[in-house]
Amino acid sequence: MAAELTVPQLSAKHRPTLDQALSAIRSRAYWSPHPEHPKAYGETAPADGLAAFEALRGTRINLGQPGTDGWTGAEKSPYGPELGVEYPHVDPDVLLPAMKAGMAAWRDAGPEARALVCIEILARISARTHEFAHAVMHTSGQAFMMAFQAGGPHAQDRGLEAVAYAYEEQTRVPGQADWSKPQGKKDPLELGKTFTAVPRGIALMIGCNTFPTWNGYPGLFASLATGNPVLVKPHPRAVLPLALTVQVAREVLAEAGFDPNLVALAVERPGEGIAKDLAVRPEIKLIDYTGSTEFGDWLEANARQAQVYTEKAGVNTVVLDSTDNYKGMLANLAFSLSLYSGQMCTTPQNLLIPRDGIATDAGHKSYDEVVADLAASVGGLLGDDARANALLGALVNPDVKTRLEAAAGLGEVALASREVINPEFPDAVVRTPVMVKLDAAKPDPEAPFLSECFGPVSFAVAVDSTADALDLLRRTVREKGAMTVGAYTTSPDTERALEEVCLEESAQLSLNLTGGVYVNQTAAFSDFHGSGGNPAANAALCDGAFVSNRFRVVEVRRQA
């Protein structure tokens, strides 16, 4: 097929971006090519993006995929409106062979061409960030500003980060080499050798409901940049952002002279549950999944023909030992507990507080005082309904509401949840967080704080001492996993002990955050999301291990 986009054109346009991304992953310094302020996209961009999103409602997104055997779509916004968008339902027996047909040309294009095409895809998505933000908002329940940033530039950063790692890993080995082995008085032994990064096969990306782009883009672009076709299977309640992504990817691939079927969409009918069937098909060689531990464990156990990358549930913990900025600590934790109604895989759940209290710059604070002050800080942050709506968003599904309501019966309630009305979307279910006081001294293998309670629920757990808090932290990470660990201490010895626990149990640690950086936020190119070393996830976003097993290097030797 004729290419409208040539590699030299793409190189002139995007090679500087690729080089900067490579530099960023090596230096770990702050860098992003994707603006996170809405005004950076032009004066008319907000109105244009909203109009583009509204124009999608009630329409059919026809991707021109082989094997389309019908249409489906039943998304309802957590804010109330029905989206009414229909998507192709596919017959995998037809689609999967069509996806494999373009692999050879995509493989032969080489790592640089693949990276440049991926960056062009991301650039076109970036230009439509306002439209994507509304799509993320109305499928995930994120408030608009969070949907704009996390679903837009931050997700695009994570995709680009994966492209950079993919390029770096594929180019460690030269494409060709002349080999000569001296033989003394005889002529040397001489061979010509070529080395080709060869893709594993079709990748299946199983999307999540809460962060369809942020969690989806790393796997999607890591697989595509290493030469693998990607079948995107969105969560049935969050199809639109990933359908738009697939649409853009197919357009760019075709314009660059490649088979658009290298990226395709698989949407299930209500209650169909196609992920299990797809995951064990022999054509599927890579799987990326974010979601429940139960299904993640099932994939790891049953999709034996595939390399499986999972991000599952964990019990995120904050240890409160001491602080020299009590007010800042409370404000930082209050924001972390409130953002997106606690519906982030990185949101703190367990707050481990010595029952004798902690030392602070405002004097000694008892356990009860710390809990009461933190509850008051959350209450103050969310006391204004307009600000509460901007921070909380909406509960993504009824299960979160059920867990939130049940949590109040687990112990003494230190902070009661309240309903917040969203005047723009009166059907949205908006609730402030609940905080429950529990005691670690009461032996109970089924203690609520030993399992994840996903949503706006936190447990203020009284422990005998900081040493006991560290023991509980270790046990929790080892048995249940954690995406994040936070801690507050002014003691160098305690700090070292915390580091040792997290190093031994492979948990990412944030210490003494009192400003505008929060434990539940990570920055692409610098922060690792998850570690791959504890039960919460078997991979990190993003490192060399996340991309290196998506391809193999095949060598051809020729007699010189």
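- In terms of the side chain to side chain contact (heavy atoms under 4.5 Å, CB included) criterion, residue partners of Asp399 (sequence neighbours excluded) are, by chain and number, Asn397, Arg403.
- Ser223 places a side-chain heavy atom less than 4.5 Å from the side chain of Asp288.
- Comment: Glu268 engages Lys233 in a salt bridge, judged by a side-chain N to carboxylate O separation of less than 4.0 angstrom.
- Under 4.0 Å is where a charged nitrogen must lie from a carboxylate oxygen, and between Arg478 and Glu504 no such pair does.
- For CD of Glu294, the number of neighbouring non-hydrogen atoms (other residues, nucleotides, ligands) closer than 6.0 Å is 12 at most.
- By the neighbour-count criterion of 12 heavy atoms within 6.0 Å, atom NZ of Lys193 is densely surrounded, having more than that number from other residues, nucleotides or ligands.
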Quiz item: Between Val117 and Val252, is a side-chain contact (heavy atoms from CB on, under 4.5 Å) present by the stated rule, with each step listed?
Solution: CA-CA 7 Å; Val117 169; Val252 172; 3.9 Å; yes
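- Phe454 has its side chain out of reach of Cys345: every pair of non-hydrogen atoms, C-beta onward, lies at least 4.5 Å apart.
- Looking at Cys118 and Phe221, their side chains come closer than 4.5 Å, going by heavy atoms from C-beta outward.
- Just one of Glu452, Met344, Met483 meets the side chain to side chain contact (heavy atoms under 4.5 Å, CB included) condition when paired with Asn316; it is Met483.
- In this structure a side-chain-to-backbone donor-acceptor pair under 3.5 Å is present from Asn228 to Gly201.
- Inspection of the Thr226 and Glu169 side chains reveals no N or O donor paired with an N or O acceptor under 3.5 Å.
- Residues His529 and Gln508 bring no donor and acceptor atom of their side chains to less than 3.5 Å of each other.
- Taking the centre of each ring, Tyr289 and Tyr309 stay at or above the 6.0 Å mark.
- Using modelled atom types and a 3.5 Å distance limit, the side chains of Glu311 and Asn215 yield a donor-acceptor pair.
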Quiz item: His134 and Phe148: ring-ring contact (aromatic ring centres under 6.0 Å, His included), yes or no, with the steps?
Solution: CA-CA 8 Å; His134 289 285; Phe148 181 91; 9.1 Å; no
Quiz item: Would Gln307 and Asn549 count as a side-chain hydrogen bond (donor to acceptor under 3.5 Å, both in side chains) if you check the C-alpha gap in whole Å, the side-chain angles of each, and the deciding distance to 0.1 Å?
Solution: CA-CA 8 Å; Gln307 180 73 30; Asn549 212 19; 2.8 Å; yes
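- Here the closest non-hydrogen pair linking Val7 and Leu116 is O-CD1, 4.2 Å.
- Side-chain contact between Phe132 and Leu244: present, with at least one pair of heavy atoms (C-beta onward) separated by less than 4.5 Å.
- Not less than 6.0 angstrom separates the ring centroid of Phe211 from the ring centroid of Tyr217.
- Among all heavy-atom pairs drawn from Thr72 and Pro270, the shortest one is OG1-CD, 3.7 Å.
- Of all heavy-atom pairs spanning Met205 and Leu220, the tightest one is CG-N, 4.3 Å.
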Quiz item: Passes side-chain contact (heavy atoms from CB on, under 4.5 Å), Arg172 versus Val553? Steps please.
Solution: CA-CA 10 Å; Arg172 287 187 186 278; Val553 175; over 6 Å; no
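- Not a single donor-acceptor pair under 3.5 Å links the side chain of Arg552 to the backbone N or O of Ala197.
- Between the side chains of Thr317 and Gln349, no donor N or O sits under 3.5 Å from an acceptor N or O.
- Arg281 and Gln305 form no side-chain donor-acceptor contact under 3.5 Å, judged by distance and modelled atom types alone.
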Self-check item: Residue pair Arg158, Thr522: steps toward the side-chain hydrogen bond (donor to acceptor under 3.5 Å, both in side chains) verdict
Solution: CA-CA 10 Å; Arg158 282 294 184 194; Thr522 58; 3.0 Å; yes
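- The closest donor-acceptor contact from the side chain of Arg114 to the backbone of Ala166 lies at 3.5 Å or more, if one exists at all.
- The shortest distance between side-chain heavy atoms of Thr245 and Val232 does not fall below 4.5 Å.
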Exercise. Could you go through the side-chain contact (heavy atoms from CB on, under 4.5 Å) check for Arg250 and Asn261 one step at a time?
Key: CA-CA 7 Å; Arg250 291 174 64 85; Asn261 295 320; 3.0 Å; yes
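- Side-chain contact annotation: Thr210 with Tyr340, donor-acceptor N/O pair under 3.5 Å absent.
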Exercise. Starting from the C-alpha separation in whole Å, work towards a yes-or-no answer on side-chain hydrogen bond (donor to acceptor under 3.5 Å, both in side chains) for Gln156 and Thr129.
Key: CA-CA 10 Å; Gln156 296 151 22; Thr129 291; 3.2 Å; yes
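- The closest side-chain donor-acceptor pair between Asp48 and Thr44 falls under 3.5 angstrom.
- A donor-acceptor contact under 3.5 angstrom links the side chains of Tyr87 and Glu75, judged on distance only.
- One side chain, Glu272 or His89, offers a donor N or O that lies under 3.5 Å from an acceptor on the other.
- Every residue two or more places apart in sequence or in another chain was checked for a side chain to side chain donor-acceptor pair (under 3.5 Å) with Ser11, and none qualifies.
- With hydrogens and angles left out, the side-chain atoms of Arg28 and Ser526 include no donor and acceptor closer than 3.5 Å.
- Side-chain contact between Leu395 and Gln343: present, with at least one pair of heavy atoms (C-beta onward) separated by less than 4.5 Å.
- A distance of 6.0 Å or more separates the ring centres of Phe546 and Tyr165.
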Quiz prompt | Audit row: Thr6, Leu10, side-chain contact (heavy atoms from CB on, under 4.5 Å) steps and yes/no | solution = CA-CA 6 Å; Thr6 66; Leu10 290 170; over 6 Å; no
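- In this structure, Thr139 and Leu83 have side chains that are in contact, with non-hydrogen atoms separated by less than 4.5 Å.
- Aromatic rings of His138 and Phe53 (six-membered ring for Trp) have centroids within the 6.0 Å cut-off, being under it.
- A salt bridge links Lys312 to Glu300: one of the charged nitrogens lies within less than 4.0 Å of a carboxylate oxygen.
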Exercise. Report the C-alpha distance between Asn209 and Arg237 in whole Å, list the side-chain angles of each, state the deciding distance to 0.1 Å, and finish with yes or no for side-chain hydrogen bond (donor to acceptor under 3.5 Å, both in side chains).
Key: CA-CA 6 Å; Asn209 194 174; Arg237 287 192 290 259; 2.9 Å; yes
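- Between the side chains of Asp157 and Ser32, a donor-acceptor pair is found at a separation under 3.5 Å.
- The side-chain heavy atoms of Leu204 and Leu286, taken from C-beta on, include no pair separated by under 4.5 Å.
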